[in-house]
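Inspection log for the structure reproduced underneath, given as structure tokens.
Just so it is clear, the model here is predicted, and its values are computed rather than measured. Numbered from 1 within each chain, the chains take letters A, B, ... in sequence-line order.
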Amino acid sequence: MKITFGFLLLLAGGSMFAMAGVGVSAPEIGSGSAGSAVALLAGALLIVRGSRKK
Amino acid sequence: MGFIGLWGAWILRAGVGFSALFVTLAYWKSGEALEEASKSLTLRPDYRYVATHVLALGAFAALSWTIYGDRVGSIALPFWIGAWFCAAAFAIFALIPARVCAHLIRITGWTWAYSLPAAAAACLLGIYSQSFWHPLARVTFALVKVLLEPFVPIVADPSTLTIGTDRFYVQIADQCSGFEGAGLMLAFGLTSLWLFRKECRFPRAFLLIPCGIAALFVLNAMRIAALLMLGNAGADRIAAGGFHSVAGWITFTGVALGFTVAAVRISWFRSRESTFEETATAENPTATYLLPFVGILAAGITAQAASADFEWLHPIRFLAAAGILWMHRKKFAQIDWQFSWFGPAVGAGIFVIWIAADRLLANGSSHAMPHALADAPQGVRALWIFIRALAAVTTVPIAEELAFRGFLIRRMISSNFEAVPFHKFTWLGLGVSSVAFGLLHGNLWFAGILAGLAYAWAMLRRGRIGEAVSAHATTNLLVAMYILLFHQWHLW
């Protein structure tokens, strides 16, 4: 799972730098950047895989 | 600057690719040995290297100023790259002694030697693959024509790949061919299948990859068709603005999510040894902590897709987060939300750093209120600003602290993260959560990382997430007041 996190975060980081996303100048995350879309995907994947038996 | 302008992005991509490959292959090949060797690390800072790191960073900043201002020619380039490497190396040596770094690298053997050419080969393949864009753009053009013809009278020029109606038309550029999406899907699919290979049944699971690529290609054509329909209906600014910018990412996110769900839920693709539990009979604490944040991102992307040059639908982010928080209120009531003076004090400190960083990076962007907002009726303007500020002070801090400090730091310690006390942490978890938080704040990513570290410190000091939430809310409240009092609208 650590590798998963590493990949997802590297993907987010790489996409942010490689695509030079639009600047957001407040401590709130703007959704206009590729990094935000990747973060959305990462969060959704973590939720999908986060189930466990009661 | 000519060299940086031409090759800078590819050098950066090669660097990111090498780092990702090296770390992953090193962990795969020598993970146990690396973990054993790193057990002796204390991560106590060596301030001599901290000082040299600051010096190298200063040199890098000064050289960046000269290079990007065209004050010095390309002669400064080797020194600029050298300063960057020195700053990075000294930062690592400040926490991990150089001899330990050398030992860790020796453990990985020749991993660096085949990661480097692999990353370079990936970049060369990327450059070469651009020759496929135009032929695929022609296929996309034909597909869009087929999709639109039953609904509207089409004007199409195959020689320029221009298509539309007499009211609104677009040219399908090479970048819109769908090839980039296919490449992303290939990379995501292969990575996903490799990471979760024990849960997938091979070779049939490989079928998901061409299915995903085909789905994304068709959805790309549908996206362009939808864009044309929007423009033809009169919403040409929305079509060319927000929709054009984010619709591609929406489709990629949807297909990637569908790929993952299919791999784990459809029994034909799932291996018999799979331990994935059906959510119908399982609880999902990850969802509790991440859904508010994911809800904000999803609502934000949707709002942007429906926007022209101003995001009128920004308030749906607040509504989405508030709704999710309300649905999970019983679970959240069990969390300690209390805070002391320390949280707001940290938040005020971060506000100062944030404004200072913004001033330092002053890039000439307009500080005035957006025209669309300024021209709106007073009541509408006041309501939009009120909800914007309310979200910044309430739902955003709660959602982001739950995700980054409440979930991510503890999840890096244990899969049963709910059992991990809020005052527990690992340096890796702290670093990863803060960097992830910072990277999502655009050009103020460095200030974002500092904010992430500070909010985590507030939480870890007392073992209460309420401290981090109050710190974050304080920062956002002060930023909102600063924007409204001093008309610094570029901060929102």
Write down the atom of [X], the atom of [Y], and the distance for their closest heavy-atom approach.
{"X": "Ala298(B)", "Y": "Leu40(A)", "value": "N-CD1, 3.9 Å"}
{"X": "Ala37(A)", "Y": "Thr253(B)", "value": "O-OG1, 3.9 Å"}
{"X": "Leu257(B)", "Y": "Ala44(A)", "value": "CD1-CB, 3.6 Å"}

> Say you draw a straight line from OG1 of Thr260(B) to CD1 of Ile47(A); how long is it, rounded to the nearest 0.5 Å?
Replying inline: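 Going from OG1 on Thr260(B) over to CD1 on Ile47(A), the span is 12.5 Å.
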>> To the closest 0.5 Å, what do you measure between CZ (Arg49(A)) and OG (Ser192(B))?
In response: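 Nearest 0.5 Å value for the CZ-OG distance: 7.5 Å.
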>> Which atoms of Tyr289(B) are under 4.5 Å from chain A, going by heavy atoms: the side chain, the backbone, both sets, or neither?
In response: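 Neither part, no heavy atoms under 4.5 Å.
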> Is it the backbone or the side chain of Leu291(B) that comes under 4.5 Å from a heavy atom of chain A, or both, or neither?
Replying inline: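 Both parts, heavy atoms under 4.5 Å.
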> Does a side-chain heavy-atom distance below 4.5 Å link Trp249(B) with Leu41(A)?
Replying inline: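 No, every pair of side-chain atoms sits at 4.5 Å or beyond.
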> Would Leu45(A) and Phe188(B) count as a side chain to side chain contact (heavy atoms under 4.5 Å, CB included) if you check the C-alpha gap in whole Å, the side-chain angles of each, and the deciding distance to 0.1 Å?
Replying inline: CA-CA 12 Å; Leu45(A) 289 177; Phe188(B) 176 84; 3.7 Å; yes
